[in-house]
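Written out below as structure tokens is the structure these notes cover.
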Amino acid sequence: MSEFISKKLLKEKAEKYGVMLDDKALERFDIYAKLLVEWNEKINLTAITDPEEIVIKHFVDSLTVFSAVEIPQRAKIIDVGTGAGFPGVAMLIARPDLDVTLLDSTNKKLNVIRDILENIGLEANVVHKRAEEAGQSKDYREVYDFATARAVSNLRDLSEYCIPFVKVGGTFISMKSAKADEEIEEGKKAISVLGGKIEAKKTLELETAGERTVILIKKISSTSNKYPRPSAKIAKNPIK
Ligand code: SAM
């Protein structure tokens, strides 16, 4: 059967970050890439449509999370602002044991995710809510082992969106490209106020795509009920 992406390339590059993909996972990534490009003709999901670039900049980039932190079997994870499923859907394909929630404020993107999940035969909780609303609901607040976010907001504001989801002892994983140090500096007060502590910063070279940084923020105490605030307040009066 013909392939849309090079499964060989994906398998090799994922292995470099310690992620072993079996034939089933590679097949699922192939279907995912094909549907992503098809849907992208109807709604704007990504500027990256070349199959090789999808492999590196979306799939392998998402999988680098596993090289930065050990994620136990059946861990409960929320991907905040998942968009077309990065890193959440990619993590689920690599690790179908995970209990993944995919949250986004744009339902048309979540409809694409629903279609992709159906076609690859995997289940996740798909939640159409704003992060700052879900973070105040007992269904989502402080119930996750991990929260992930890639390309959603600056670390300071993103921490207010994401840290409330994480239970004490859990970890917020923030995926950044350039300027991670500046964002850490700008965000460290907010991280502490929200009950977090920067545990590690792992910088890696993503093939030809440049530097990436995975920031691990440990939740060391419960977040005050005051947070997260409505997004207008976060924007107007950030924690600093
Ligand atoms: N994480 C994906 C990725 O790396 O490809 C998508 C990144 S996209 C630039 C940002 C996404 O975050 C969009 O899908 C947007 O709808 C979502 N988003 C932004 N603010 C949000 C909020 N307050 N609550 C939930 N989703 C939000």
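Whatever order the structure lists them in is the order used to number ligands and atoms, beginning at 1. Count residues from 1 along the sequence. Only a predicted model underlies this, so the values are computations on that prediction, with no experimental measurement involved.
Using a 4.0 Å cut-off to heavy atoms of K129, the atoms of ligand 1 that qualify are 25 (C). Within ligand 1, the atoms closer than 4.0 Å to a non-hydrogen atom of L103 are 25 (C), numbered from 1 in the order shown. Distances below 4.0 Å separate heavy atoms of T82 from the following atoms of ligand 1: 1 (N), 2 (C), 6 (C). Each of the atoms 6 (C), 14 (O) of ligand 1 lies under 4.0 Å from some heavy atom of G83. When each atom of ligand 1 is checked for a heavy atom of A131 under 4.0 Å away, the hits are 22 (C), 23 (N), 24 (N), 25 (C). Residue contact check: T106 has heavy atoms under 4.0 Å from atoms 16 (O) of ligand 1.
Protein heavy atom nearest atom 23 (N) of ligand 1, with residue, atom name and distance: E132 OE1, 3.0 Å. Protein heavy atom closest to atom 19 (C) of ligand 1, with residue, atom name and distance, is V152 CG1, 4.1 Å. For atom 16 (O) of ligand 1, the nearest non-hydrogen atom of the protein is D104 OD1, 2.6 Å.
F146 and F165 are not part of a single hydrophobic cluster, where members link through side-chain heavy atoms under 4.5 Å apart.
The nearest non-hydrogen atom to atom 6 (C) of ligand 1, considering only G81, S105, S153, comes from G81. With A84, A134, A151 as candidates, the residue nearest to atom 10 (C) of ligand 1 on a non-hydrogen basis is A151. Looking at R150, K57, K109, M175, it is R150 that brings a heavy atom closest to atom 3 (C) of ligand 1.
Note: F59 and F86 have tilted aromatic rings, judged against thresholds of 30 and 60 degrees for the angle between ring planes.
Taking distance alone, with nitrogen or oxygen atoms compared against 3.5 Å, V80 stays at or beyond that limit from ligand 1.
Side-chain N/O atoms of N119 and R114 include no donor and acceptor closer than 3.5 Å. Judged by distance alone, the side chains of K109 and S105 never bring a donor and an acceptor atom under 3.5 Å apart. Side-chain atoms of D115 and N111 form no donor-acceptor pair, as typed in the model, at a separation below 3.5 Å. Side-chain contact of T82 with D104: a donor-acceptor pair under 3.5 Å is absent, judged by distance alone. A donor-acceptor contact closer than 3.5 angstrom is absent between the side chains of Y161 and S153.
The salt bridge (Lys or Arg N to Asp or Glu O under 4.0 Å) test with E142 singles out one residue from K219, K76, K167, and that residue is K219.
Salt bridge annotation for R150-D61: present, with a cationic side-chain nitrogen under 4.0 angstrom from a carboxylate oxygen.
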